Amino acid sequence: MNLRSLPDRKPFLTAALALVTLAALAAAAISAEPRAKDLFGAKRLPAVVPAQSFGFYSKGCFAGGVALPMEGPTWEVMRPSRNRRWGHPAMIALIEKLSRDAAADGWPGLLVGDISQPRGGPMMTGHASHQIGLDADIWLTPMPKRPLSMAQRESMSATLMVDEKTHLVKDALWTPAHTRLLERAASYPEVERILVNPGIKKELCDTVTGDRSWLRKIRPFWGHDYHFHMRIGCQPGSPGCKGQEATPADDGCGKPLAWWFTEEPWRPNKNPDAPKARDLMTMANLPKECQAVLAATDAPSLAAVTYQGGSAAAVAVAEPQPTEPVETISSGALPAQASAFAPTPKIGIPLPRPRPGN
Ligand SMILES: [Zn+2]
């Protein structure tokens, strides 16, 4: 070892250390503003307050959430460890109603996927939307006859209903009962949109006879091949909830659907590593009321905020207030996922990229 080399290395080490320190400082400055997903993702319970949604489906939060019970006679909550079985009381009531109505129609019961976090907001993983308690994912797999254990609900795989190459429904798997389930969900006036894989939309377009008016609510979207996504409109008592424009009046089986069966929507994402909106959002990107939603005191117990069929205090809804003019949704500096649920792009219009999950 050449001892003489040691003193020579000192300036290099000092410079290297300085660089490391600078990098650390820069990183600290960038991350100084906490991410909204970390703040909302850390909440285990909502506060006991009247229910109210703030903001848009992909950019907001909600107060007064209630939990769908882990199971009922006609439903089971899947992936329970995610703690995403929270919603506006109107949404939770509707899921229970759909489970009963579907059972009467011959569907054995619902396997319920993600709804929202206890106070909504952006999530650590998955979904661009599901932020204001008005979105729910429901599996296209019927509830098995034997009750699923909590471990099974974490691990059971879902059935993919669509062939990934052809984008068509797998004939062996799709049944008239699947169609009836979607028709039942679309029949509720509160339900404004149901997102399904384009292959499922096509199956409905090709097979539904008689009343086809409900097809208007069934919207093709990427993913959604093992579950459908049910979205209800802004509820009374939520003047700060920003609604979505109505779906076109026709059945949506024409040109907009044909676009999904071209090569364009399935091209590889050119920028797969671009940050997603949920990874960038800070509290400054959310409605200002979300700060208070986050700060409110936890409910005294899980039982106090678990939905009990409309009898609990937890179902209180805020008094309707004078409606403020609806603000336009500005995505600001955020990527395109903030408007993930914009209407299907017209043929020839550039695709929203990067492609949102659901
Ligand atoms: Zn969803």
Side-chain angles (χ1 to χ4, degrees), residues 37 40-41 53 55-62 65 67-68 75-88 90-92 94-95 98-99 102 110-141 153 157-162 178 181-182 184-186 188 190-201 217-235 241-244 247 260 276-279 281 336-344 352 354-358:
K37 64 174 185 175
F40 279 97
S53 302
F56 192 60
Y57 300 92
S58 53
K59 198 178 185 181
C61 64
F62 74 114
L68 177 68
W75 77 87
E76 287 173 333
V77 169
M78 299 302 284
R79 309 295 189 250
S81 66
R82 293 183 183 178
N83 197 29
R84 293 177 179 174
R85 59 187 171 114
W86 300 88
H88 188 287
M91 177 48 118
I92 303 303
L94 189 70
I95 293 170
L98 174 62
S99 79
L110 302 182
L111 297 181
V112 181
D114 289 356
I115 311 172
S116 288
Q117 300 179 128
R119 303 178 191 213
M123 297 183 189
M124 298 298 293
T125 55
H127 320 285
S129 65
H130 291 252
Q131 293 191 24
I132 54 176
L134 307 177
D135 295 288
D137 289 345
I138 294 167
W139 287 31
L140 288 163
T141 310
R153 295 188 208 184
S157 357
T159 315
L160 289 183
M161 306 298 296
V162 177
H178 287 89
L181 175 63
L182 290 175
R184 179 62 73 182
Y188 303 123
E190 304 94 307
V191 172
E192 293 191 343
R193 281 168 193 252
I194 292 173
L195 305 180
V196 297
N197 188 275
I200 294 173
K201 171 80 185 191
K217 293 187 186 179
I218 308 282
R219 310 287 297 172
F221 209 72
W222 290 276
H224 299 85
D225 43 11
Y226 74 88
H227 72 276
F228 68 93
H229 174 130
M230 181 166 79
R231 168 167 296 175
I232 65 173
C234 288
Q235 295 299 299
C241 176
K242 292 168 186 170
Q244 189 169 14
T247 58
W260 289 96
K276 297 185 179 347
R278 65 154 189 272
D279 298 328
M281 281 189 195
Q337 288 97 328
S339 55
F341 289 91
T344 306
R355 215 162 280 156
N358 56 358

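One-based numbering, in listed order, for ligands and for the atoms of each. Small disclaimer: the values here were computed from a predicted structure and weren't measured. Note that the numbering runs from 1 along the sequence shown for the chain.
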Does D114 form a side-chain hydrogen bond (donor to acceptor under 3.5 Å, both in side chains) with H127? I'd like the steps, not just the answer. CA-CA 9 Å; D114 289 356; H127 320 285; 2.7 Å; yes
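Closest approach of Y226 to L160, counting heavy atoms only: CB-CD2, 4.1 Å. Closest approach of D135 to R231, counting heavy atoms only: OD1-NE, 2.6 Å.
Residues satisfying the side chain to side chain contact (heavy atoms under 4.5 Å, CB included) test with R79, not counting sequence neighbours, are R82, W139, E154. Take T247 and apply the side chain to side chain contact (heavy atoms under 4.5 Å, CB included) test, not counting sequence neighbours, and it matches R193, R216, R219.
For residue D114, no N/O/S atom approaches the Zn ion (ligand 1) to within less than 2.8 Å. Counting backbone and side-chain atoms alike, H227 contributes no N/O/S atom closer than 2.8 Å to the Zn ion (ligand 1). Distance check for H224 against the Zn ion (ligand 1): none of its N/O/S atoms falls below 2.8 Å.
When distances from the Zn ion (ligand 1) to the N, O or S atoms of H229 are compared, ND1 comes out shortest. Residue D137 approaches the Zn ion (ligand 1) most closely through its N/O/S atom OD1.
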